[in-house]
Amino acid sequence: MDILPPKTKEALLARVEALGGLTLAHIAKDFNLSVPADLRQSKGWVGELMEKALGADAGCLAKPDFRQLGIELKTLPVDNNGRVIESTYVSVVPLLNHWGLQWHQSEVYGKLAKILWLPIEADPAISLPQRRVGCGFLWSPNTVQEAILRQDWQELMDMVALGELEQISAKIGTYLQIRPKGANGKSLRWGVSASGEKILTLPRGFYLRRLFTQSLLDKYQFL
DNA sequence: CATTGATCATAA
DNA sequence: TTATGATCAATG
(Lines give C-alpha, C1' and ligand atoms only; values in the text may rest on other atoms or scores of the structure.)
Protein backbone atom coordinates (compact mmCIF):
# COMPACT_ATOMS: atom_id res chain seq x y z
CA MET A 1 0.00 0.00 0.00
CA ASP A 2 1.68 3.09 -1.26
CA ILE A 3 0.36 6.56 -0.59
CA LEU A 4 0.76 9.11 -3.37
CA PRO A 5 2.35 12.42 -2.47
CA PRO A 6 -0.17 15.12 -1.58
CA LYS A 7 -0.60 17.71 -4.33
CA THR A 8 -1.31 20.66 -2.11
CA LYS A 9 -0.40 21.92 1.31
CA GLU A 10 -4.03 21.59 2.31
CA ALA A 11 -4.13 17.95 1.25
CA LEU A 12 -1.01 17.30 3.27
CA LEU A 13 -2.40 19.00 6.36
CA ALA A 14 -5.61 17.01 6.03
CA ARG A 15 -3.58 13.82 6.15
CA VAL A 16 -1.65 15.10 9.14
CA GLU A 17 -4.88 15.83 10.94
CA ALA A 18 -6.13 12.34 10.17
CA LEU A 19 -2.98 10.86 11.71
CA GLY A 20 -3.30 12.85 14.93
CA GLY A 21 -4.16 10.68 17.90
CA LEU A 22 -3.47 7.39 16.13
CA THR A 23 -1.02 4.95 17.67
CA LEU A 24 2.07 3.79 15.84
CA ALA A 25 0.69 0.25 15.97
CA HIS A 26 -2.49 1.42 14.23
CA ILE A 27 -0.61 3.18 11.46
CA ALA A 28 1.90 0.36 11.02
CA LYS A 29 -0.93 -2.12 10.64
CA ASP A 30 -2.33 -0.11 7.74
CA PHE A 31 0.97 -0.71 5.95
CA ASN A 32 1.38 -4.33 7.06
CA LEU A 33 4.46 -3.38 9.01
CA SER A 34 5.47 -4.84 12.33
CA VAL A 35 6.47 -2.51 15.13
CA PRO A 36 9.94 -3.13 16.53
CA ALA A 37 10.17 -3.79 20.28
CA ASP A 38 12.20 -0.63 20.75
CA LEU A 39 14.16 1.86 18.70
CA ARG A 40 17.67 0.82 19.67
CA GLN A 41 18.23 -0.93 16.39
CA SER A 42 15.56 0.92 14.46
CA LYS A 43 16.33 4.51 15.25
CA GLY A 44 14.71 6.00 12.19
CA TRP A 45 11.67 3.74 12.19
CA VAL A 46 9.12 6.29 13.37
CA GLY A 47 10.24 8.90 10.86
CA GLU A 48 10.10 6.39 8.03
CA LEU A 49 6.63 5.27 9.05
CA MET A 50 5.43 8.87 8.98
CA GLU A 51 6.93 9.36 5.53
CA LYS A 52 4.94 6.40 4.30
CA ALA A 53 1.78 7.52 6.01
CA LEU A 54 1.97 10.99 4.51
CA GLY A 55 3.26 10.04 1.07
CA ALA A 56 6.67 11.68 1.25
CA ASP A 57 8.35 11.22 -2.11
CA ALA A 58 11.96 12.34 -1.81
CA GLY A 59 13.25 8.93 -0.82
CA CYS A 60 16.99 8.99 -0.39
CA LEU A 61 17.44 12.17 -2.40
CA ALA A 62 18.62 15.43 -0.96
CA LYS A 63 15.06 16.29 -0.16
CA PRO A 64 12.67 18.15 0.90
CA ASP A 65 10.41 15.22 1.67
CA PHE A 66 7.51 16.65 -0.28
CA ARG A 67 9.34 17.84 -3.34
CA GLN A 68 6.41 19.40 -5.09
CA LEU A 69 5.48 21.39 -2.01
CA GLY A 70 8.99 22.20 -0.83
CA ILE A 71 8.09 20.92 2.62
CA GLU A 72 10.41 18.99 4.91
CA LEU A 73 8.95 16.47 7.36
CA LYS A 74 10.44 16.16 10.83
CA THR A 75 9.17 14.08 13.70
CA LEU A 76 9.52 15.63 17.13
CA PRO A 77 9.87 13.16 20.01
CA VAL A 78 8.02 14.48 23.07
CA ASP A 79 7.68 13.06 26.59
CA ASN A 80 4.60 12.98 28.83
CA ASN A 81 5.27 16.52 30.05
CA GLY A 82 5.34 17.96 26.56
CA ARG A 83 9.10 18.16 26.62
CA VAL A 84 11.05 17.66 23.41
CA ILE A 85 13.40 14.75 24.05
CA GLU A 86 15.97 14.98 21.28
CA SER A 87 17.72 17.37 18.94
CA THR A 88 16.75 17.33 15.28
CA TYR A 89 19.08 16.31 12.48
CA VAL A 90 19.00 18.71 9.54
CA SER A 91 21.62 17.81 6.94
CA VAL A 92 25.21 16.82 6.33
CA VAL A 93 27.93 19.41 6.72
CA PRO A 94 29.75 19.95 3.42
CA LEU A 95 33.42 19.50 4.23
CA LEU A 96 34.69 20.09 0.70
CA ASN A 97 33.73 22.32 -2.21
CA HIS A 98 31.93 24.75 0.05
CA TRP A 99 33.75 27.88 -1.06
CA GLY A 100 31.40 30.71 -1.85
CA LEU A 101 28.38 28.81 -0.60
CA GLN A 102 25.71 31.26 0.42
CA TRP A 103 23.08 30.78 3.11
CA HIS A 104 20.16 30.78 0.74
CA GLN A 105 21.83 28.14 -1.44
CA SER A 106 22.69 25.90 1.49
CA GLU A 107 21.00 22.61 2.26
CA VAL A 108 20.31 23.85 5.76
CA TYR A 109 18.31 26.80 4.49
CA GLY A 110 16.56 24.61 1.93
CA LYS A 111 15.31 22.28 4.60
CA LEU A 112 14.53 24.83 7.29
CA ALA A 113 12.59 27.07 4.94
CA LYS A 114 9.40 25.06 5.43
CA ILE A 115 9.03 22.23 7.91
CA LEU A 116 6.09 20.10 8.87
CA TRP A 117 6.72 19.29 12.54
CA LEU A 118 5.03 16.13 13.70
CA PRO A 119 5.18 15.62 17.48
CA ILE A 120 5.28 11.95 18.47
CA GLU A 121 4.81 10.53 21.94
CA ALA A 122 8.22 9.23 22.96
CA ASP A 123 8.07 8.90 26.73
CA PRO A 124 10.06 5.85 27.85
CA ALA A 125 7.03 4.84 29.90
CA ILE A 126 4.97 4.26 26.75
CA SER A 127 5.74 1.20 24.67
CA LEU A 128 6.56 1.91 21.05
CA PRO A 129 3.35 0.45 19.57
CA GLN A 130 1.20 2.47 21.99
CA ARG A 131 2.78 5.81 21.23
CA ARG A 132 0.52 8.29 19.50
CA VAL A 133 1.02 10.90 16.81
CA GLY A 134 0.38 14.44 17.97
CA CYS A 135 -0.85 17.52 16.14
CA GLY A 136 1.48 18.34 13.29
CA PHE A 137 2.07 21.95 12.31
CA LEU A 138 3.75 23.83 9.50
CA TRP A 139 6.55 26.21 10.39
CA SER A 140 8.82 28.61 8.58
CA PRO A 141 11.45 30.68 10.36
CA ASN A 142 10.42 34.23 11.19
CA THR A 143 12.84 37.09 10.59
CA VAL A 144 14.56 36.82 13.95
CA GLN A 145 14.79 33.04 13.86
CA GLU A 146 16.24 33.07 10.37
CA ALA A 147 18.80 35.69 11.31
CA ILE A 148 20.05 33.56 14.19
CA LEU A 149 20.04 30.36 12.17
CA ARG A 150 21.95 32.16 9.45
CA GLN A 151 24.53 33.49 11.91
CA ASP A 152 25.01 30.02 13.36
CA TRP A 153 25.39 28.51 9.92
CA GLN A 154 27.83 31.18 8.82
CA GLU A 155 29.99 30.88 11.94
CA LEU A 156 30.14 27.11 11.68
CA MET A 157 30.75 27.04 7.93
CA ASP A 158 33.52 29.62 8.35
CA MET A 159 35.22 27.23 10.74
CA VAL A 160 34.81 24.37 8.27
CA ALA A 161 36.22 26.48 5.47
CA LEU A 162 39.18 27.55 7.59
CA GLY A 163 40.00 23.94 8.40
CA GLU A 164 39.12 24.37 12.07
CA LEU A 165 37.30 21.05 12.17
CA GLU A 166 38.91 19.93 15.41
CA GLN A 167 37.75 23.08 17.13
CA ILE A 168 34.14 22.59 16.18
CA SER A 169 32.18 21.27 19.13
CA ALA A 170 28.48 20.88 19.70
CA LYS A 171 28.67 23.80 22.11
CA ILE A 172 28.97 26.29 19.27
CA GLY A 173 25.80 27.83 17.83
CA THR A 174 22.64 29.28 19.33
CA TYR A 175 20.03 27.22 17.48
CA LEU A 176 22.18 25.18 15.10
CA GLN A 177 25.05 22.96 16.12
CA ILE A 178 27.41 20.56 14.37
CA ARG A 179 27.80 17.03 15.70
CA PRO A 180 29.27 13.80 14.31
CA LYS A 181 26.98 12.00 11.89
CA GLY A 182 28.27 8.67 10.77
CA ALA A 183 27.87 4.94 11.15
CA ASN A 184 30.55 4.96 13.84
CA GLY A 185 33.90 6.44 14.74
CA LYS A 186 35.54 4.62 11.86
CA SER A 187 33.57 6.25 9.08
CA LEU A 188 35.61 9.06 7.58
CA ARG A 189 35.24 11.80 4.99
CA TRP A 190 37.64 14.12 3.26
CA GLY A 191 37.91 17.56 4.72
CA VAL A 192 40.46 20.34 4.85
CA SER A 193 42.92 21.11 7.61
CA ALA A 194 43.97 24.55 8.81
CA SER A 195 47.03 24.35 6.58
CA GLY A 196 44.85 23.58 3.59
CA GLU A 197 45.71 19.91 3.24
CA LYS A 198 43.09 17.28 2.59
CA ILE A 199 42.50 15.22 5.72
CA LEU A 200 40.24 12.38 6.74
CA THR A 201 37.78 13.38 9.43
CA LEU A 202 34.46 12.33 10.90
CA PRO A 203 31.38 13.06 8.84
CA ARG A 204 29.31 15.72 10.59
CA GLY A 205 25.76 16.94 10.49
CA PHE A 206 23.85 20.09 11.33
CA TYR A 207 21.35 19.66 14.14
CA LEU A 208 18.72 21.92 15.67
CA ARG A 209 19.10 22.19 19.43
CA ARG A 210 16.39 20.70 21.58
CA LEU A 211 15.51 24.00 23.23
CA PHE A 212 14.91 25.61 19.86
CA THR A 213 12.45 22.99 18.68
CA GLN A 214 10.92 23.10 22.16
CA SER A 215 10.22 26.79 21.67
CA LEU A 216 8.57 26.10 18.33
CA LEU A 217 6.33 23.48 19.89
CA ASP A 218 5.46 25.73 22.84
CA LYS A 219 4.52 28.58 20.55
CA TYR A 220 2.32 26.31 18.48
CA GLN A 221 0.56 24.94 21.55
CA PHE A 222 -0.04 28.47 22.75
CA LEU A 223 -1.65 29.64 19.55
C1' DC B 1 20.22 15.16 34.43
C1' DA B 2 21.13 17.74 30.18
C1' DT B 3 24.18 17.74 26.46
C1' DT B 4 27.76 16.11 23.52
C1' DG B 5 29.73 12.76 20.94
C1' DA B 6 28.77 8.02 19.09
C1' DT B 7 26.01 4.85 16.85
C1' DC B 8 22.16 1.81 14.21
C1' DA B 9 19.32 0.49 9.99
C1' DT B 10 18.23 1.09 5.28
C1' DA B 11 17.93 2.62 0.33
C1' DA B 12 20.06 3.68 -3.97
C1' DT C 1 29.46 4.40 0.03
C1' DT C 2 26.66 8.33 1.28
C1' DA C 3 22.55 10.40 2.61
C1' DT C 4 18.20 9.43 4.71
C1' DG C 5 15.54 8.47 9.17
C1' DA C 6 17.02 9.53 13.98
C1' DT C 7 18.14 7.83 19.13
C1' DC C 8 21.64 5.91 22.21
C1' DA C 9 24.94 6.27 25.76
C1' DA C 10 29.05 8.32 27.76
C1' DT C 11 30.33 12.43 29.97
C1' DG C 12 30.61 16.55 32.88
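By convention in this document, chain letters (A, B, ...) are assigned in the order of the sequence lines, proteins followed by strands, and residues within each chain are numbered from 1. Since the model is a prediction, treat every value here as computed from it, not as a measurement.
- If you measure from atom OH of A:Tyr89 to atom P of B:dT4, you get 18 Å, rounded to the nearest angstrom.
- In this structure, A:Leu96 atom CG and C:dT2 atom P are separated by 12 Å, rounded to whole Å.
- Distances shorter than 4.0 Å separate none of the side-chain N or O atoms of A:Arg40 from OP1 or OP2 on B:dA9.
- The nearest heavy atom of DNA chain B to A:Gly182 and to A:Ile85 marks one nucleotide each, and the one closer to the 5' end goes with A:Ile85.
- The CD-C1' distance, from A:Gln214 to B:dT3, rounds to 15 Å in whole Å.
- Of the candidates B:dT4, B:dA2, B:dT7, B:dA2 carries the atom nearest the A:Arg83 side chain, counting heavy atoms from C-beta on.
- Contact check, A:Arg189 against C:dT2: a side-chain N or O comes under 4.0 Å of OP1 or OP2.
- OP1 or OP2 of C:dA6 sits under 4.0 Å from a side-chain N or O of A:Thr75.
- Rounded to 10°, the angle separating the first-five-pair axis and the last-five-pair axis of the helix from B:dC1-C:dG12 to B:dA12-C:dT1 equals 20°.
- Remark: of the listed residues A:Arg131, A:Arg83, A:Arg132, A:Arg132 is the sole one forming a salt bridge (Lys or Arg N to Asp or Glu O under 4.0 Å) with A:Glu121.
- Side-chain N/O atoms of A:Tyr207 and base N/O atoms of C:dA6 include a donor-acceptor pair closer than 3.5 Å.
- Judged by closest nucleotide on DNA chain C, A:Val92 is the one of A:Ala122 and A:Val92 placed further toward the 5' end.
- Comparing B:dT4, C:dC8, B:dA2 by their closest approach to the side chain of A:Lys171 singles out B:dT4.
- Cation-pi geometry between A:Arg179 and A:Tyr207 is satisfied (NZ or CZ under 6.0 Å from the ring centre, within 45° of the ring normal).
- With the nearest nucleotide of DNA chain B identified for both A:Ile172 and A:Glu48, A:Ile172 has the one nearer the 5' end.
- Judged by distance alone, with hydrogens and angles left aside, the side-chain atoms of A:Gln41 form no donor-acceptor pair with the main-chain N or O of A:Leu39 at under 3.5 Å.
- Following rounding to the nearest Å, A:Phe206 (CZ) and B:dT4 (C1') show an atom-to-atom distance of 17 Å.
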side-chain contact (heavy atoms from CB on, under 4.5 Å) between A:Met50 and A:Val133, worked out: CA-CA 9 Å; A:Met50 294 305 120; A:Val133 176; 3.8 Å; yes
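- Listed pair A:Lys181 / C:dT2 fails the phosphate criterion, with no side-chain N or O lying under 4.0 Å from OP1 or OP2.
- The shortest distance between the side-chain N/O atoms of A:Gln41 and the OP1/OP2 oxygens of B:dA9 is below 4.0 Å.
- Proximity of A:Arg210 to the phosphate of B:dT3: a side-chain N or O atom is located under 4.0 Å from OP1 or OP2.
- Figure legend: cation-pi geometry between A:Lys198 and A:Trp190, with NZ or CZ positioned under 6.0 Å from the six-membered ring centre and within 45° of its axis.
- Within a 6.0 Å radius of CD in A:Glu17, other residues, nucleotides and ligands contribute 12 heavy atoms or fewer.
- Side chain of A:Asp218 to backbone of A:Gln221: no donor-acceptor contact under 3.5 angstrom is found.
- A:Lys43 has its NZ atom 11 Å from the C1' atom of B:dG5, to the nearest Å.
- Atoms CG and CG, from A:Asp79 and A:Asp123 in turn, are 5.0 Å apart once rounded to the nearest 0.5 Å.
- In the set B:dC8, B:dT4, C:dT4, the nucleotide with an atom closest to the side chain of A:Glu107 is C:dT4.
- The CZ atom of A:Arg204 sits 13 Å away from the C1' atom of B:dT4 (whole-angstrom rounding).
- Atom P of nucleotide B:dA2 and atom CZ of A:Arg179 are separated by 15 Å, given to the nearest angstrom.
- Listed nucleotides C:dT7, C:dA6, B:dA6 differ in distance to A:Pro77; the shortest reach to its side chain belongs to C:dT7.
- In the model, A:Trp139 has a side-chain atom that pairs as donor or acceptor with a side-chain atom of A:Gln145 under 3.5 Å.
- Contact annotation for A:Gly47: backbone-only contact, meaning every heavy-atom pair under 4.0 Å involves sugar-phosphate atoms and none involves a base.
- At the heavy-atom level, A:Gly205 lies nowhere under 4.0 Å from the strands shown.
- Here A:Ser169 lies in heavy-atom contact (under 4.0 Å) with sugar-phosphate atoms only.
- Between the CG atom of A:Leu95 and the C1' atom of C:dT1 there is a distance of 15 Å, rounded to whole Å.
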